[in-house]
Number of protein chains: 2
Amino acid sequence: MNADALRGHMDALLLSVLEREPLHGYAIIEALRERSGGALDVPTGTVYPALRRLERAGLLAGEWASDGGRKRRTYRLTDAGRKALAGERSAWRSFTTAIGSVLDPLR
Amino acid sequence: MNADALRGHMDALLLSVLEREPLHGYAIIEALRERSGGALDVPTGTVYPALRRLERAGLLAGEWASDGGRKRRTYRLTDAGRKALAGERSAWRSFTTAIGSVLDPLR
DNA sequence: AGTCTATATGTAGGCTGTCTATATGTAGAC
DNA sequence: GTCTACATATAGACAGCCTACATATAGACT
């Protein structure tokens, strides 16, 4: 997976994986890997800053929790985040349609 | 169309639009707009440097031509470019499958 | 006791490709 | 003589993803 290709789609991925249940960063990385069948292996240096960014933007709400001695920051979708996710899904469809119409010789 | 979303897919678009026939930069921009039904309106400041980059990489071959007083630089796919296009198409499919598997709730 | 792996978060700095803004010039319509 | 379409190009800004590094706990294994 080319790194640049992910640009601008990271937000959609993070919001989407948090749609069903709140998760902490490490679990999000695993969820992305599992859901994509191993294709998406996003480095921590990408995910943690992105989560903070989405939190600052009000799309996620983060909260510290403890599991034994380990500290986790669990994120959940806010209402604004849920709306943003709908927008991201719609944008994704437009995007794939547009690129596909150029790339796909059948259309 | 979000600018960042295009990142890493510009090469595929340019190679693809040049697959059938050689075109010059301005015509490429129009072709992208037409093929995508207006969704793709790529600025000149993106296309011209990208074409030069692809030429440097050996995927395109450019040649100056004149139509009356107007000078055009027409680009055609090289053999390497044709191979690269096949790779880009394959990468595009993997990419949409991966993102789709996370974004699309039906899967 | 020491090492290793998995779990868990985070930052600094680099890279690179897309964008905005600007510059230059021809052709043709009005 | 002005406006729009055609045509190419560059400088600099910007954003976000990456690599590399730093830190720490838990548990297994030797």
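So you know, we letter chains A, B, ... as the sequences are listed, proteins then strands, and number each from 1.
- Here C:dC19 presents its P atom at 11 Å from CD1 of B:Ile29, a figure rounded to the nearest Å.
- Phosphate contact (OP1/OP2 of C:dT11, side-chain N/O of A:Arg52, threshold under 4.0 Å): absent.
- For the pair A:His9 NE2 and D:dC18 C1', the computed distance is 17 Å after rounding to whole Å.
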*asked:* Is there a side chain to side chain contact (heavy atoms under 4.5 Å, CB included) between A:Ser16 and A:Glu88? Walk through the geometry before answering.
replied: CA-CA 9 Å; A:Ser16 184; A:Glu88 293 282 358; over 6 Å; no
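- Phosphate contact (OP1/OP2 of D:dA24, side-chain N/O of A:Arg70, threshold under 4.0 Å): absent.
- Between the side chain of B:Thr44 and the base of D:dA9, a donor-acceptor pair under 3.5 Å is found.
- If you measure from atom CZ of A:Arg72 to atom P of C:dA8, you get 4 Å, rounded to the nearest angstrom.
- Residue A:Tyr48 is the one, among A:Tyr48 and B:Met10, whose nearest nucleotide of DNA chain C lies closer to the 5' end (criterion: closest heavy atom).
- Between the P atom of C:dT26 and the OH atom of B:Tyr26 lies a distance of 17 Å, rounded to the nearest Å.
- In this structure, B:Gly25 reaches the sugar-phosphate backbone alone: every heavy-atom distance under 4.0 Å involves primed, P, OP1 or OP2 atoms, never a base.
- Counting only heavy atoms from C-beta on, A:His24 has its side chain closest to C:dA8 among C:dA8, D:dT19, C:dT18.
- In this structure, CG in A:Leu23 is found 14.5 Å from CZ in A:Arg73, a value given to the nearest 0.5 Å.
- Separating the CH2 atom of B:Trp64 from the P atom of D:dT8 is a distance of 7 Å, rounded to the nearest angstrom.
- Using a distance-only test at 3.5 Å, with no hydrogens or angles considered, no donor-acceptor pair links the side chain of A:Ser90 to the main chain of A:Ala86.
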*Residue pair B:Leu60, B:Arg76: steps toward the side chain to side chain contact (heavy atoms under 4.5 Å, CB included) verdict*: CA-CA 6 Å; B:Leu60 297 181; B:Arg76 63 171 179 80; over 6 Å; no
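- Which of D:dA9, D:dC18, C:dT7 sits closest to the side chain of A:Glu30 comes down to C:dT7.
- Note on A:Gly45: a base of the nucleic acid sits closer than 4.0 angstrom, heavy atoms only.
- Going from atom CZ of B:Arg53 over to atom P of D:dT10 covers 14 Å, rounded to whole Å.
- With hydrogens and angles left out, the side chain of B:Thr46 and the base of C:dG17 share no donor-acceptor pair within 3.5 Å.
- Toward the 5' end of DNA chain D, the nearer of the two residues A:Asp67 and A:Arg7, judged by each one's closest nucleotide, is A:Arg7.
- Here C:dA8 presents its C1' atom at 12 Å from OH of A:Tyr75, a figure rounded to the nearest Å.
- Listed candidates were C:dG10, D:dC18, C:dT18. Nearest to the side chain of B:Leu6 is C:dT18.
- Not less than 6.0 angstrom separates the ring centroid of B:Tyr75 from the ring centroid of B:Trp64.
- Summarising the geometry, the separation between CG on B:Asp4 and P on C:dT20 is reported as 11 Å, rounded to the nearest angstrom.
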